[in-house]
Number of protein chains: 2
Amino acid sequence: MTINEIAEMAGVSRATVSRYLNQGYVSQEKRERIREAIEKTGYQPSSQAQTLRTKKTKLVGVILPKISSDTVSRMVAGISDVLSKRGYQLLLANTNNDTEEELKYLNLFKDNQVDGILFIATIFSPRHKKILKEYRVPVVILGQRLDGFSCVYQDDYHAAMQITERMLKSGRIPAYIGVTDRDEAAGLNRRKGFAAALEAAGVPLRPELMVEGDFSIESGQEKMKELLAIEPKLDCVFCATDNVAVGAAAYLKEAGKSIPGDVQIVGTGDTPIGRYVTPRITTVHFFYKTSGMEAASMLIEQMEDDRAVTKELKMGFEIMENGSTISG
Amino acid sequence: MTINEIAEMAGVSRATVSRYLNQGYVSQEKRERIREAIEKTGYQPSSQAQTLRTKKTKLVGVILPKISSDTVSRMVAGISDVLSKRGYQLLLANTNNDTEEELKYLNLFKDNQVDGILFIATIFSPRHKKILKEYRVPVVILGQRLDGFSCVYQDDYHAAMQITERMLKSGRIPAYIGVTDRDEAAGLNRRKGFAAALEAAGVPLRPELMVEGDFSIESGQEKMKELLAIEPKLDCVFCATDNVAVGAAAYLKEAGKSIPGDVQIVGTGDTPIGRYVTPRITTVHFFYKTSGMEAASMLIEQMEDDRAVTKELKMGFEIMENGSTISG
DNA sequence: ACACGATATGAGAACGATATCATATTTGAA
DNA sequence: TTCAAATATGATATCGTTCTCATATCGTGT
């Protein structure tokens, strides 16, 4: 089915059918005949031909590090809801946390192909920045802040600070299991928030009790073991993610420590896995799905209004203790 | 940048550039000049124009019920790996478990737009079947079996049967928390497997101890409460998913029961959340990511070879007890 | 020397839509 | 009544590719 066949069936020119489809002037009479023809045939315009002419693909590229992660998939759920409501479709690029893959997709989407990009980022290299600078379609970065770009991110610094403060109410010897500082959001900012809370509380920061792992449960177990070997008397641990916290808790139990009696554990992210270990992990709830929705809305604004200016959106959070909100 | 500009820079016709890009006859000399021009300009062919001409979009539509689910996102990770390796891109449609949304996307993708569909299905209505029958592009169904269609699914029946057998080694009064039979895989087949194991073991099946919930943790808690009210002496429970099992376990603990001392709990799916509750849930490991990869490969075969015949692939499983494999 | 297949090239049509332009016809305000 | 604006329509060009076809050159076996 093409627009030509519809035009013929309805006895009008193809230009009129096009006008019908794009709210131009069409008389009641022809409008009705066209409607009928389309209904009968189930005609759908070829999006490729439309794109070729209009340069609008109605496609949004979503580049992400790992789809099978609770955090990321919640963001994508939010993104998907907003995009589909606004008539956009979602082109998914799963990079498996591989920089080369990220750059590959960033390049692939560069010229044509998509009207805009949502980039769920972890670590920015100079090459990322270079490509992003040259971009012709709007980009919104999700999960990290980057100067000069529209972005939506979590308030990692204050979240880490507040939950650490809370932990220090009864903790005396704090430890820290984090991730690389190259991940500004989850690494650097959380670490700084942790350090700020210690300073404010007048608790000495012992660098040997701050270790770096990755985002996995296994990493939490392993690093907890290291920490406990260094300082058997530590009595509270901040973990950069809930996964890590679950791993750390698992090791402590194994080592015969009671939680939170002997050692307090706090996490970040409020992921489902943290919600059903016993005792329940004290954590920070981030609004991942909402941030996905916000980022998508922001992108749509930029795609549809070329005067739209870049924006930064820092999302709030909630401290969760034993399953309920303590503070915002 | 268009093919015309490249042609001009290289001093050849646009047909020659096209041949260069599609491995036709081009002399060494011109080949070199074209390569240079492309390199200098960073030219990338417009995929829309290509599609318009060739009718190949190199796009695969993936329709799924809920991206923020461990099971589904693992399948998508597998799908994504295979597709991107073979030069396809992934158009994601998240239906939020809404039949109308499923049908909407099934219709949207019908005519043009994608070269093939991967449909991660839960419940088939007659309308689904009607649309699928009329499909012109290849479809592979993931997670369910459907007569006459290519599909990849788990061996839910035997998985449920074997894990139930295991549970009955020490269990005497079994209960069952499942999901609707309209979900053939997770509902009907697991229920039948459970029933078959009871029959084989000569344990009477008490219909009042078989209840139906949904896939959530909350549902597990609630249904466990109901069951315990009906039969306080029940000593083992089969749960159709790990989420449900975690919920059931949480309620039992609350009710002062010890696991597995007083009541054994088994789940299905080996999801991360089941791996870190204490005691660890006995469950069935399904190869979700692998099944996504298999489904994607199957679809590619069907898209690229029109003589390809429909196939069914039933995936194996492993029983996991305390974190290690017991049987296959 | 000839013929034939392989190699090499470009002109022009086609894919299915929208945009531009020219041209009627109908309104409605002065 | 008149004339400009609003409404209505179709012919034709165009988007950036690939495909078909016509044509030319080259190598090689007879």
Side-chain angles (χ1 to χ4, degrees), chain A residues 1-38 41-59 87 89 108-115 136-137 304, chain B residues 1-38 41-59 87 89 108-115 136-137 304:
Chain A
M1 271 306 117
T2 77
I3 201 173
N4 284 302
E5 305 178 63
I6 298 297
E8 196 172 341
M9 284 182 68
V12 300
S13 76
R14 87 166 153 276
T16 303
V17 178
S18 176
R19 256 177 245 118
Y20 170 89
L21 295 169
N22 298 283
Q23 46 256 7
Y25 291 126
V26 181
S27 64
Q28 270 309 316
E29 182 204 343
K30 310 210 167 179
R31 193 176 291 277
E32 179 54 26
R33 295 217 303 269
I34 294 170
R35 200 193 53 68
E36 241 172 56
I38 290 179
T41 57
Y43 162 76
Q44 273 191 282
S46 147
S47 52
Q48 283 76 34
Q50 282 177 320
T51 296
L52 185 55
R53 205 47 246 251
T54 62
K55 309 289 171 207
K56 292 268 160 247
T57 65
K58 283 288 184 179
L59 242 43
Q89 301 207 58
L108 183 62
F109 292 151
K110 196 169 172 179
D111 286 300
N112 36 59
Q113 193 99 153
V114 297
D115 290 349
R136 336 192 97 254
V137 296
E304 296 184 348
Chain B
M1 271 305 118
T2 78
I3 200 174
N4 284 301
E5 306 178 60
I6 298 297
E8 197 171 340
M9 285 181 68
V12 299
S13 75
R14 87 167 152 274
T16 303
V17 178
S18 177
R19 254 177 246 117
Y20 171 89
L21 295 169
N22 298 282
Q23 46 258 5
Y25 290 126
V26 181
S27 64
Q28 269 309 316
E29 182 204 343
K30 310 209 166 176
R31 193 176 292 276
E32 181 53 28
R33 296 217 303 270
I34 295 170
R35 201 194 52 69
E36 240 173 55
I38 290 179
T41 58
Y43 161 77
Q44 272 193 283
S46 146
S47 52
Q48 283 76 35
Q50 282 176 320
T51 296
L52 184 57
R53 215 31 254 248
T54 62
K55 309 290 171 205
K56 293 269 161 246
T57 65
K58 284 288 186 177
L59 242 44
Q89 301 208 56
L108 184 62
F109 291 151
K110 196 169 172 178
D111 287 298
N112 35 60
Q113 193 101 152
V114 298
D115 290 349
R136 335 190 101 254
V137 296
E304 296 184 348

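Scope of the values below: all heavy atoms of this structure, side chains included, with no hydrogens, waters or symmetry mates. Below, chain A is the first sequence line, B the second, and so on; all start at residue 1.
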**Student:** Looking only at atom types and distance, does a side-chain atom of Thr16(B) sit under 3.5 Å from a main-chain N or O of Val12(B), one as donor and one as acceptor?
**Tutor:**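 Looks like no, no N/O pair under 3.5 Å.
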**Student:** State, with a plain yes or no, whether a side-chain heavy atom of Gln113(B) is found less than 4.5 Å away from one of Gln89(A).
**Tutor:**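 Side-chain contact under 4.5 Å: yes.
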**Student:** Looking at every heavy atom in both Leu52(B) and Ser46(A), which two are closest together, and how far apart are they?
**Tutor:**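 Nearest heavy atoms, Leu52(B) then Ser46(A): CD1-OG, 4.5 Å.
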**Student:** Tell me, please, the opening and closing nucleotides of DNA chain D, 5' to 3', among those with an atom under 4.0 angstrom from a non-hydrogen atom of chain B.
**Tutor:** dG16(D) to dC19(D)
**Student:** Which heavy atom in Ala7(A) sits nearest to a heavy atom in Val17(A), and how many Å separate them?
**Tutor:**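 That would be CA-CG2, 3.6 Å.
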**Student:** Could you give all pairs that pass the side chain to side chain donor-acceptor pair (under 3.5 Å) test and reach residues 1-10 of chain A, with sequence neighbours left out?
**Tutor:** Asn4(A)-Arg14(A)
**Student:** Can you tell me how far NZ of Lys110(A) sits from CZ of Arg136(A), rounded to the nearest 0.5 angstrom?
**Tutor:** 9.0 Å
**Student:** Roughly what angle, to 10°, lies between the helix axis at the start of the helix from dA1(C)-dT30(D) to dA30(C)-dT1(D) and the one at its end, five pairs per end?
**Tutor:**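 The helix from dA1(C)-dT30(D) to dA30(C)-dT1(D) shows an end-to-end axis angle of 30°.
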**Student:** State plainly whether the residues Arg33(B) and Glu36(B) are in salt-bridge range, i.e. N to O under 4.0 Å.
**Tutor:** no
**Student:** Please list, by residue number, the residues of residues 5-14 of chain B whose heavy atoms come closer than 4.0 Å to an atom of DNA chain C; answer none if no residue qualifies.
**Tutor:**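 Hits under 4.0 Å, by residue number: Val12(B), Ser13(B), Arg14(B).
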**Student:** Are any non-hydrogen side-chain atoms of Tyr43(B) and Leu21(B) less than 4.5 angstrom apart?
**Tutor:** yes
**Student:** Tell me, which of residues 18-33 of chain A have any heavy atom that sits under 4.0 Å from an atom in DNA chain D?
**Tutor:**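 Correct list: Arg19(A), Tyr25(A), Val26(A), Ser27(A), Lys30(A).
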**Student:** Taking it one step at a time, do Ile38(B) and Tyr20(B) satisfy side chain to side chain contact (heavy atoms under 4.5 Å, CB included)?
**Tutor:** CA-CA 11 Å; Ile38(B) 290 179; Tyr20(B) 171 89; 3.8 Å; yes
**Student:** Drop me the distance from Arg19(B)'s CZ to Ser13(B)'s OG, to the nearest 0.5 angstrom.
**Tutor:** 6.0 Å
**Student:** 5' to 3' on DNA chain C, which nucleotides open and close the contacts with chain A (atom under 4.0 Å from a heavy atom)?
**Tutor:**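 Span of nucleotides near chain A: dG16(C) to dA19(C).
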**Student:** Quick check on DNA chain D: between Thr2(B) and Ala15(A), whose nearest nucleotide comes earlier from the 5' end?
**Tutor:**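 Result of the comparison: Ala15(A).
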**Student:** Considering non-hydrogen atoms only, spot the tightest contact between Met9(A) and Ala37(A) and give its length.
**Tutor:** CB-CB, 4.0 Å
**Student:** Are side-chain heavy atoms of Pro45(A) and Ile3(A) found at a separation under 4.5 Å?
**Tutor:** no
**Student:** Any donor-acceptor pair under 3.5 Å linking the side chain of Asp115(B) with the backbone of Lys56(B)?
**Tutor:** no
**Student:** Kindly compute the distance separating CD (Gln48(A)) from CD (Gln50(A)), expressed to the nearest 0.5 Å.
**Tutor:**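 Going from CD on Gln48(A) over to CD on Gln50(A), the span is 9.0 Å.
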